[in-house]
Amino acid sequence: MLLHSALRKELSQSFGATLVVLATIVMTMMLIRTLRLASRGNINPSDVLLVLGYTVLAHLPTLLALSLFIAIVGVLSRMYKDSEMVIWFTSGQSLVGLLNPLLRFSWPILLSIGLLALLAWPWANQQTRELSERYEKRGDLERITPGQFRESSSGNRVFFIDKDTLDDKVGNNVFISATERGKQSITAARSGRIDSINDQRFLLLQNGQRLEIPLPAASGDSQSGASSTSQADLRISEFKEYGVQINANILARTDALLPKQQSSLSLLSEPSNANLGELAWRIGLMLSALNFVVIATAVSRVNPRAGRSLNLIFALLAFVVYFNLLNLSQNWIAQGKISFPVMLALLHGSVLGMTLLWLWQRNQGMAWRDLLSRKRLRQNTLAQPA
C-alpha cells in the first residue's frame, strides 16, 4: 500500500539519523567517563577503545528504543503538520490503523532490542569487568611508572624505580616502602632486577640499605602502647643483594558476578530477588519499546497550526518517566517489595491499557470532557422513570 511504503521509507531515514546522533552523544559521554577511569588507574589506558565499545554495546538497547520512539513521533507529527494525515484519514485510514505499518516497520528493531537486552547486555558488562580485573591484578612492577610513586596490588607497598633498559627488567634508584608483620620498612638500592625463583617472581636489589621501624600497638592499654613505642629501636642494615617477592596474589579470583553481569539463563536458574529484578529490567526494556510504539502513535497527533516541539518535549519526558519507572521496578523486585510477574503486569500492562484507551479516544476524535458528558447523560437517562 502507498501509505505503508511511504511511511516505512520516511521512518527508516528518521530512525537512522536519530540513532547516529544519539550514538554520537552517548559515545562522547562514555569516552569522557572511560578516560576518567583510565586516569584513575581503574582500567588500562590501552583498553580505552575496547571498554568504550563494550559500554556502547551495553547501552545500545536503550538507544534503539529511544531512536525508534523519536522517529515515530517526529514522522507522524510532520505528517499532521503538513496535513498529510488529513488526506489519509479522508481516504479511509484511521489512527488505530497506523499501528499495522508501524509494527511491521518496528518488529526487527524490537527483536534486536530483546536480543541485545537478554544477551549482549550481560556479556558486555562481564567483558568490561574482566578487563578491569585483569588490569587490577597486574604485577607490582607493571604498575610502576618511571619517576612516579606507585602502590602495589595488595596496598601495603609503595614502589619507586627508574627503568632505563629496553626490557624493563633492570632499573636504578629503587625505593620500596612496605608495611608487613607489624613493621614498617624502607628499602633503597642503587639497582634492581627481576628474577624467577621456584616459580615465584622476585625483585633482587643490589647495594642498598634497609630501615625497619616497629609500628605502635593498634589499641588497648595506653600505657603499654607508650612503653612499646618508647622501647622501639630502629634497625638499619646494609646489603649487597636483597630479594623482595612480587605478584604473590596476581592470580587470585574475585567474588561472584553481579546480576547485571550474569546471563539470562543464570538469572532464571537462580531466581533470587536481585536476579529477578535484573531479569525484569531486561524483559521490561523489550516490553517498554513495544509500548513506546503505541505511545508515539497516540502522542503524535498535533494541531497543524501549532508547532511540533511540544510533542517532542512530551515524548522525551514520557521516555524519561517510563525508564525511571523501569529502574524503580527493578529495585522494588530486588528488595522483595513486589513479585516479578505482578510488577511486569502492573507496569507494562497498565501503560499499554491506558495508551490504547488514549489512542481510541483520539481515533474517535472526542475530548475527554465529551466522553464524561456522554457518560453522565447516559446515567441521567437511565435514572429517569419511564
Chi angles and distances behind the side-chain contact (heavy atoms from CB on, under 4.5 Å) call for L267, R282: CA-CA 11 Å; L267 298 179; R282 299 178 188 179; 3.5 Å; yes
Stepwise side-chain contact (heavy atoms from CB on, under 4.5 Å) test for T355 and V299: CA-CA 9 Å; T355 307; V299 78; over 6 Å; no
Residue pair L328, L347: steps toward the side-chain contact (heavy atoms from CB on, under 4.5 Å) verdict: CA-CA 10 Å; L328 183 62; L347 177 59; over 6 Å; no
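Relative ring orientation between W121 and W281 is described as tilted, the plane-to-plane angle lying within the 30° to 60° band. Taking the six-membered ring where tryptophan is involved, the planes of Y322 and H348 are tilted, since the angle between them lies from 30° to 60°.
Contact check for F314 versus V73: no side-chain heavy atoms found under the 4.5 Å cut-off. Annotation: side chain of P101 is not in contact with side chain of F105 (no heavy-atom distance under 4.5 Å).
Of the possible donor and acceptor atoms, none in the side chain of S329 sits under 3.5 Å from a partner among the backbone N and O of M343. Between the side chain of N275 and the main chain of P271, no donor-acceptor pair closer than 3.5 Å is present. In this structure a side-chain-to-backbone donor-acceptor pair under 3.5 Å is missing from S77 to G74. S106 places no side-chain N or O within donor-acceptor distance of the main-chain N or O of L103, the cut-off being under 3.5 Å.
Contact between M286 and I113 at its shortest, heavy atoms only, is CA-CG2, 4.3 Å. Minimum heavy-atom separation, L52 to L31: CD1-N, 3.6 Å. Among all heavy-atom pairs drawn from Q262 and P122, the shortest one is O-CB, 3.0 Å.
Here the CZ-CG distance, from R33 to L37, works out to 5.0 Å after rounding to the nearest 0.5 Å. Separating the CD1 atom in I186 from the CG atom in L211 is a distance of 5.5 Å, to the nearest 0.5 Å. Annotation: the span from T187 atom OG1 to E212 atom CD amounts to 8.0 Å, rounded to 0.5 Å. Here CG of L64 is found 9.5 Å from CG of L285. Values are rounded to the nearest 0.5 Å. Atom CD of Q126 sits about 8.0 Å away from atom OG of S263, to the nearest 0.5 Å. One finds the CG atom of L60 at 12.5 Å from the OG1 atom of T55 (value rounded to the nearest 0.5 Å).
The same ILVMFWY cluster, assembled from side-chain heavy atoms under 4.5 Å apart, contains both L344 and V321. Under the 4.5 Å side-chain heavy-atom criterion for grouping Ile, Leu, Val, Met, Phe, Trp and Tyr, V320 is not connected to V294 through any hydrophobic cluster. Hydrophobic clustering (ILVMFWY, side-chain heavy atoms < 4.5 Å, transitive): M29 and F323 are in distinct clusters. Under the 4.5 Å side-chain heavy-atom criterion for ILVMFWY residues, a single connected hydrophobic cluster contains both L316 and V293.
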Side-chain atoms of residues 17-26: list all donor-acceptor pairs with protein atoms under 3.5 Å, sequence neighbours left out, distances to 0.1 Å.
from : atom 1 : to  : atom 2 : distance (Å)
T18  : OG1    : S14 : O      : 2.7
T24  : OG1    : V20 : O      : 2.7

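Counted within 6.0 Å of CE on M27, heavy atoms from surrounding residues, nucleotides or ligands total 12 or fewer; the atom is thus considered open.
Of the listed residues (I72, V75, L68), just one forms a side-chain contact (heavy atoms from CB on, under 4.5 Å) with F15, and that residue is L68.
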